[in-house]
Chemist: 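Once you've had a glance at the structure underneath, I'll fire off some questions.
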Amino acid sequence: MMDYKDKWEELADIKDELAARDWFMGTSGNLSIRVSSNRFLVTASGKDKRKRTSEDFLLVDENGQAAEETHLKPSAETLLHTAVYNRTSAGCILHVHTAENNVISELYGGRGEIIFKGQEIIKAFGKWEEDAELRMPIIYNHAHIPTLADEFSAHIEGNSGAVLIRNHGITVWGTSGFEAKKLLEASEFLFRYELLLNQSRSAQALNQTIAN
Ligand SMILES: CSCCC(=O)C(=O)COP(=O)(O)O
Ligand SMILES: [Zn+2]
């Protein structure tokens, strides 16, 4: 029997922090943490991720199949997690649906990406150069999960990263739970920044029109 109590508690603590931000609306979202080279804990499908119970996670193998006897079903999006773990040394993957990430994904989805430039928080992604640029892919929300996983996989380029799924949510991964949460928080800050900036510019333009 594999001992993964520490990883379970680490993921449960991260889940509690994200739940406190109300980032698991309507049972949306799924999280995972690597336990070994070919095993990881993933959230059970369809559960209320705001609650902390003994059935929040289950151990799965590199194919996303339950690795221990259980009545729980792994996340419906487990193939996105296996895609990352089987290609990288990532240690943790976080997927949340927020209104901000959904609106941004729709506003910029037609371009296939959103580019952030010059915001200090981009340093969270390890980009410390002056006026750094962060490109975040936006992919189509295929209902067929294997197809979604294939398109998602094309954007897995290292042990950390983030991909927006249009009108669905964001999936972020990092070498550890700490890094994955840092990148998720930085991403959601950038989405809110972009939306506030767009709103402010629209208000300025309207005021200018009224003034003329
Ligand atoms: C009600 S959200 C639809 C499913 C989804 O996108 C999600 O993130 C949660 O699915 P899971 O199977 O991981 O509970
Ligand atoms: Zn989802």
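Heads up: numbering here begins at 1 and tracks the sequence. Numbering of ligands and ligand atoms starts at 1, following listing order.
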Chemist: Heavy-atom contact under 4.0 Å between Thr43 and ligand 1?
Modeler: no
Chemist: Would you name the heavy atoms of Ile138 and Glu113 that are closest together and state the gap between them?
Modeler: CD1-C, 3.8 Å
Chemist: With no hydrogens and no angle check, is any side-chain donor or acceptor of Thr171 less than 3.5 Å from a backbone partner on Val163?
Modeler: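 Pair absent, no side-chain N/O of Thr171 close to backbone of Val163.
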Chemist: Under 4.0 Å from a heavy atom of Ala76: give me the atoms of ligand 1 that qualify, with their elements.
Modeler: 11 (P), 12 (O), 13 (O)
Chemist: To the nearest 10 degrees, could you say what angle the Zn ion (ligand 2) makes with NE2 of His95 and OE1 of Glu77?
Modeler: 70°
Chemist: May I ask you to identify the nearest protein heavy atom to atom 10 (O) of ligand 1, giving residue, atom name and distance to one decimal place in Å?
Modeler: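 Result for atom 10 (O) of ligand 1: Asn30 ND2, 4.0 Å.
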Chemist: Is it true that the side chains of Ser153 and Asp150 contain a donor and an acceptor less than 3.5 Å apart?
Modeler: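 Result is no, nothing qualifies.
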Chemist: Which ligand 1 atoms are under 4.0 Å away from a heavy-atom of Thr27?
Modeler: 1 (C), 9 (C), 14 (O)
Chemist: Between the main-chain N or O of Lys49 and the side-chain N or O of Lys15, is there a donor-acceptor pair closer than 3.5 Å?
Modeler: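 Pair found, side chain donor or acceptor close to backbone of Lys49.
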Chemist: Determine yes or no for a side-chain-to-main-chain donor-acceptor pair under 3.5 angstrom, with Asp48 supplying the side chain and Arg50 the backbone.
Modeler: yes
Chemist: Rounded to 10 degrees, what angle sits at the Zn ion (ligand 2) between His97 NE2 and His168 NE2?
Modeler: 90°
Chemist: For atom 12 (O) of ligand 1, what is the nearest protein heavy atom, given as residue, atom name and distance?
Modeler: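 Scanning the protein heavy atoms, the shortest distance from atom 12 (O) of ligand 1 goes to Ser45 OG, 2.6 Å.
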Chemist: Could you check whether the rings of His142 and Tyr140 sit parallel, tilted or perpendicular, using 30° and 60° as the cut-offs?
Modeler: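 His142 vs Tyr140 ring planes: perpendicular.
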Chemist: Just distances here: any N/O of Gly46 and N/O of ligand 1 closer than 3.5 Å?
Modeler: yes
Chemist: Against heavy atoms of Gly29, which atoms of ligand 1 measure under 4.0 Å?
Modeler: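 Per the distance check, 7 (C), 8 (O), 9 (C), 13 (O).
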Chemist: If you take the centroid of each ring, where Trp contributes its six-membered ring, are Trp173 and Phe152 closer together than 6.0 Å?
Modeler: yes
Chemist: Under 4.0 Å between a side-chain nitrogen and a carboxylate oxygen: does that hold for Glu185 and Arg21?
Modeler: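 Yes, this pair counts.
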Chemist: Mark up the atoms of ligand 1 that fall under 4.0 Å of a heavy atom belonging to Gly26, in ascending order.
Modeler: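 This gives 1 (C) as the contact atoms.
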Chemist: Students should be able to answer this: which protein heavy-atom is nearest to atom 3 (C) of ligand 1, and at what distance?
Modeler: His97 CE1, 4.5 Å
Chemist: At what distance is the nearest protein heavy atom to atom 5 (C) of ligand 1, and which residue and atom is it?
Modeler: Glu77 OE2, 3.0 Å
Chemist: So which protein heavy atom does atom 13 (O) of ligand 1 come closest to, and at what separation?
Modeler: Ser75 OG, 2.6 Å
Chemist: Would you check whether Lys73 reaches within less than 4.0 Å of ligand 1, judged by its heavy atoms?
Modeler: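 Judged by the 4.0 Å heavy-atom criterion, Lys73 does not count as contacting ligand 1.
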Chemist: Are the side chain of Lys181 and the backbone of Ile14 linked by a donor-acceptor contact shorter than 3.5 Å?
Modeler: no
Chemist: Would you call the rings of Phe40 and Tyr85 parallel, tilted or perpendicular, taking 30° and 60° as the class edges?
Modeler: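 Tilted, since the angle between the ring planes falls between 30° and 60°.
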Chemist: If we only count N/O pairs under 3.5 Å, is Pro74 in contact with ligand 1?
Modeler: no
Chemist: Report yes or no: do Gln208 and Asn212 form a side-chain donor-acceptor pair below 3.5 Å?
Modeler: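 A donor-acceptor contact under 3.5 Å links the two side chains.
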Chemist: Within the 4.0 Å heavy-atom shell around His95, which atoms of ligand 1 are there?
Modeler: 8 (O)
Chemist: Among all protein non-hydrogen atoms, which one is nearest to atom 14 (O) of ligand 1, and what is the separation to 0.1 Å?
Modeler: Lys49 NZ, 2.6 Å
